[in-house]
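Presented below is the structure to which this report refers.
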Amino acid sequence: MVGTAPGMVSEMSQKPQAAPNREAAGHQMAPSFEELYLEHYSRIIAVLVRLLGDPTQAEELTNDVFWRLYRQRLSLTPDGNVGGWLYRTATNLGIDALRSAARRRQYEHAAGELRAQAGSGSSPLDEVLREEKRSRVRAVLARLKPNQAQILVLRASGFSYKELAETLSVAGGSVGTMLARAEAAFAEAYREACGHEEGL
């Protein structure tokens, strides 16, 4: 799937799709795979780039999300929350990728490499420090509960409270509480993981 995003829609749209129910008069039609792809593809990539910091990996995971959608035929009914499924699946895959990266490379090793870059003068110190902080944030996100990491990443990506409620399939009134708890959990985990380095 890597690198095939532009042609994926046309290729898949030629294959048989589940026929929508055209018999119910006045019944809203379910969106096609192509419509869902065009509506959500660029925003899912943006969410994953924010989460992972790697556009190539974000594109690969976005392609994986739509491949799963295509295989599972989730564009099934107009009242189904397919958009929510797409963003939940994308953020779950992104969080899994963060956790895999954390298992391959301990945070201390990554921070040591960034300090070495700062000492070598190969890049401006400010940029190195910003990248180090981004690495810390991603390491902490990987330690949170998936639903907490999801809501933080989606909110940071510009999702409104209404969009968060629809995407996460929760009541609109509970979004504020969920977000506050996720922010508190993140702050606590960040202090535990990085506070000694930042004097927190």
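Only heavy atoms go into these numbers, but all of them, side chains included; no hydrogens, no water, no symmetry mates. This one's a predicted model, so the numbers in the text were calculated from it and none came from an experiment.
The shortest heavy-atom contact between V65 and A90 is CG2-CA, 3.7 Å. Closest non-hydrogen pair, A182 versus I151, comes out as CB-CG2, 3.6 Å. The two residues T91 and L154 come nearest to each other via the heavy atoms CG2-CD2, 4.0 Å. Nearest heavy atom pair, residue G53 against residue R138, reads CA-NH2, 3.1 Å. Listed here is the closest heavy atom pair of G94 and L48: CA-CD2, 4.0 Å. The shortest non-hydrogen separation linking A165 to G172 is CB-CA, 3.8 Å.
In this structure R143 satisfies the salt bridge (charged side-chain N to carboxylate O under 4.0 Å, His left out) test together with E192, sequence neighbours excluded. Taking the side chain to side chain donor-acceptor pair (under 3.5 Å) definition, one finds that N92 meets it with Q150, sequence neighbours left out. The side chain to side chain donor-acceptor pair (under 3.5 Å) check on S169 picks up N81, R88, with sequence neighbours excluded. Listed by chain and residue number, nothing satisfies the side chain to side chain donor-acceptor pair (under 3.5 Å) test with R181 (two or more places apart in sequence, or in another chain). Applying the side-chain contact (heavy atoms from CB on, under 4.5 Å) test to E39 and every residue at least two apart in sequence or in another chain returns nothing.
In this structure, the side chains of L152 and L144 come closer than 4.5 Å at one or more pairs of heavy atoms. Contact annotation: the side chain of L61 approaches that of L52 to within less than 4.5 Å [non-hydrogen atoms, C-beta and beyond]. You'll find the side chain of I95 stays beyond 4.5 Å of the side chain of L141, heavy atoms only. Residues M178 and L164 fail the side-chain proximity criterion, which asks for heavy atoms closer than 4.5 Å. Contact of the P146 side chain with the R99 side chain is registered, since non-hydrogen atoms from C-beta on lie closer than 4.5 Å. Put simply, the side chain of N147 does not reach to within 4.5 Å of the side chain of L168, judged on heavy atoms. Using a 4.5 Å cut-off on side-chain heavy atoms (C-beta onward), W85 and T89 make contact.
Between the CD atom in Q57 and the CG atom in L93 there is a gap of 10.0 Å [rounded to 0.5 Å]. Atom CZ of R191 sits about 10.5 Å away from atom CZ of F186, to the nearest 0.5 Å.
Counting only residues at least two apart or in different chains, ring-ring contact (aromatic ring centres under 6.0 Å, His included) contacts with residues 146-185 comprise Y87-F159.
A tilted orientation is assigned to the rings of Y41 and F66, their planes being inclined by 30° to 60°.
The backbone N or O of L179 lies less than 3.5 Å from no partner atom in the side chain of R155, so there is not a single donor-acceptor pair.
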